[in-house]
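Contents: one structure, followed by commentary.
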Number of protein chains: 2
Amino acid sequence: MDKAPPETTNTDSRRASHGSVTLADVAALARVAPITVSRALNNPDSVSETLRSRIRTAVDQLGYVPNRMAGALASAKTKVIPVIVPSLSNVVFIEVIEGVQETLTAHGYQLLLGTTDYNLEREAELVSALLGWAPPGVMIAGLRHLPRTNTILKNAGLPVVEMMEYGARCIDMNVGLSHFRAGMEMAEHLLARGYRKIGFVGTRLRDDYRARQRYDGMHRRLLESKNACDMLFDYPGGGSQQLGWNALGDILKTNPELDALFFANDEMAVGAILRAQRDGIAIPGRIAIAGFNGLPVSSLVTPALTTIISPRKLMGHTAAEMLLARISGGSPAARRVNVGLELAAREST
Amino acid sequence: MDKAPPETTNTDSRRASHGSVTLADVAALARVAPITVSRALNNPDSVSETLRSRIRTAVDQLGYVPNRMAGALASAKTKVIPVIVPSLSNVVFIEVIEGVQETLTAHGYQLLLGTTDYNLEREAELVSALLGWAPPGVMIAGLRHLPRTNTILKNAGLPVVEMMEYGARCIDMNVGLSHFRAGMEMAEHLLARGYRKIGFVGTRLRDDYRARQRYDGMHRRLLESKNACDMLFDYPGGGSQQLGWNALGDILKTNPELDALFFANDEMAVGAILRAQRDGIAIPGRIAIAGFNGLPVSSLVTPALTTIISPRKLMGHTAAEMLLARISGGSPAARRVNVGLELAAREST
DNA sequence: AAGAAAAATGGTAGCGCTATCAAAAATCAT
DNA sequence: ATGATTTTTGATAGCGCTACCATTTTTCTT
């Protein structure tokens, strides 16, 4: 005989508890202690076959779904990992998230998504709010945050991976590539092909400082070369194909002396190429065009776009793996990973 | 003098509790009862200005971050909403998610992301797992699920919005458009422009049944017209530009009699157009091309792509608003919303 | 076969927060 | 002023689960 505690479980009408089946109900039906059900679910090997199957039956029969909140509260462990990115409009973040998601899912983790819209204040709030879920780790885009954000994350004492860019100083772990270097390499390439007056076209460069770093890299390299110069174009709004399309027209009109344009991303660069096609502007004859990211479309346009290929999905996978390694107590192969980049020299330059 | 309960809070070393500051700590510092801190945080108006500011000071001083899990468990309320989509590789889902995210964030909700990879089994598991977070509602792509999934969701007694497609039977609420109708309209358009032998090009059509519905719609319309016929091409893999690029070449070779191709999405259609451009295939002279979705790029390629514009972000916004309306106890303006579609007849047909 | 070691099960006590009701303080009416 | 009403604050008791330790049962030694 099991002495059912009188006023327990759902008998109490004070709280709605959305009428759900609890672990105690399963336990009662299977005639075992609640803790045994808990074990059967979380650590099946520690329960005898007999009880395990009796419990499984009860679970199925009642349609029991464990309350993660209660479990997490009691064990101080969650399997939900916040992933914070600036925006979803940029394919690049999507692909990184995809990589992260694939790896996390494979290990039974869930992804809690936050977007900052490139706003560091909002980022800080988001980090703080998401820490309220007592996650086992945090994944966040970028190395630049408010001091407050850094403090919060450091104090939380959690594994943290900063993604997208590779740099010397990180909160905990870092996976990315050097955008400065990407800019230098592109400059190198353009110089080698004989271009001397190069425009860099970006959007919201104050917020999108990684694009700005690419410009800085290009600028630095061009400085080393005599008779080369650059020009910076910073448009408002998102870096869309439409924007590249418009920018090409404007820039050719206002700055006809330029012989090459390095766009902050492939979307814009492709937009420019499509515009050139439509208007019969010769590329690279009249002006050369280069992009960044290595989106699939870059090799399909005519002329094929010269770009820098970034291993975005790999970045997501690597970042997630590093985080999981740390969560499970081990230490990742490396605390900082430079995933590198590859310049694809094609027809547009 | 407040009588600090002897062995409470963090003094107990049995559990790690990741050394975090709790509400009780804040209460002690502010010399009020814990419940008052809770109120000051969740319902500031119900606490006097004096205590409120004293509590705020204590919160800041300690860097207190409320444990959402504990709060959710106690109140049986969360502000996290699962959003389940087939994949992140498809821009369409991204834009819907973006819309959802914007609306949810504005109302203080968080987005818990799940992807099914078009696998209904996985979808069922995901739904079940995510319900463990006791969410106030669920957002899910599509109207077709396993019976099991439907049962679980109905029994959960939560507001549920099914997105992407519009149809007669939904679990609870539905926002989308009629894909069958989209197919009919495109067929109508192609017939009007004189095309008679039309190929439909899709990928994984068994899984992507919405694309299949577009084909069905087209097929139905073509049946009504004598001397018109269609042909279905179903490729494996994702519906990328590369795939459209390849498909155009193959199909022109194997089925030279076709005079128009309706691609399952703009990505593929754009890929085909880019291929045609590269190879000097006349569009629509040799073959007409149409797409679906109305991605921005569709109007930038040459020739501009005829497509059907779907209001993706609007869908996300609407869906989220309907859900929130239901969560806050009200009822949405409508239980089912057809967001409609718009055929953009352009140069490629 | 008797005792020791290992495995399986259970009892108890929280995890950190909030719903409920009760008490205290402030405001109002007459 | 005095009682009635409203507002503010607090004590208590869980939400559903798991950590910890204790107990029982099984398996292993020699």
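First the proteins, then the strands, lettered A, B, ... as listed; each starts at 1. Remember, it's a predicted structure, so these values are computed and weren't measured experimentally.
Using a 4.5 Å heavy-atom threshold, the side chains of B:I171 and B:T149 count as separate. Put simply, the side chain of B:V65 reaches to within 4.5 Å of the side chain of A:S128, judged on heavy atoms. Taking the side chain as every heavy atom from C-beta outward, B:K79 and B:P136 never approach each other to under 4.5 Å. The shortest distance between side-chain heavy atoms of A:I97 and A:V85 falls below 4.5 Å. The shortest distance between side-chain heavy atoms of A:L112 and A:P135 does not fall below 4.5 Å.
Comparing D:dC17, C:dA19, D:dT18 by their closest approach to the side chain of A:A70 singles out D:dC17.
Regarding A:L23, its CG atom lies at a distance of 20 Å from the P atom of C:dG14, rounded to whole Å. Between the CG atom of A:L41 and the P atom of D:dG16 there is a distance of 16 Å, given to the nearest Å. Atom pair B:W133:CH2 and D:dC15:C1' shows a separation of 15 Å (rounding to whole Å applied). Taking atom CG on A:L73 and atom P on C:dC15, their separation rounds to 9 Å, with Å as the unit. Nucleotide D:dG16 holds its C1' atom 7 Å from the OH atom of A:Y64, rounded to whole Å. Spacing between atom CZ of B:R68 and atom P of C:dC17 amounts to 10 Å, rounded to whole angstrom units. At whole-Å resolution of the value, CG in B:N43 and C1' in C:dC17 are 15 Å apart. Rounded to whole angstrom, the span from the CG atom of B:L62 across to the P atom of C:dG16 amounts to 14 Å.
For the side-chain contact (heavy atoms from CB on, under 4.5 Å) test, residues two or more places apart in sequence or in another chain that qualify with A:E165 are A:L143, A:H179, A:Y209, A:R210, A:Q213.
Distances shown here put a side-chain N or O of A:N42 below 4.0 Å from the OP1 or OP2 atom of D:dT18. At the phosphate of C:dT18, OP1 or OP2 sits under 4.0 Å from a side-chain N or O atom of B:S38.
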Just the table, please: protein N/O against nucleotides 6-10 of chain D N/O, every pair under 3.5 Å.
unit_1: D:dT9; atom_1: OP1; unit_2: B:S48; atom_2: OG; d: 2.6
unit_1: D:dT9; atom_1: OP2; unit_2: B:S48; atom_2: N; d: 2.8
unit_1: D:dG10; atom_1: OP2; unit_2: B:A33; atom_2: N; d: 3.0
unit_1: D:dG10; atom_1: OP2; unit_2: B:T36; atom_2: OG1; d: 2.6
unit_1: D:dG10; atom_1: N7; unit_2: B:R39; atom_2: NH2; d: 2.6
unit_1: D:dG10; atom_1: O6; unit_2: B:R39; atom_2: NH1; d: 3.4

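For A:M69 and A:K77, each mapped to the nucleotide of DNA chain D holding its nearest heavy atom, the one lying further toward the 5' end belongs to A:M69.
In summary, of the residues considered (A:L323, A:T318, A:V337, A:V160), a side-chain contact (heavy atoms from CB on, under 4.5 Å) with A:M173 occurs for A:L323 alone.
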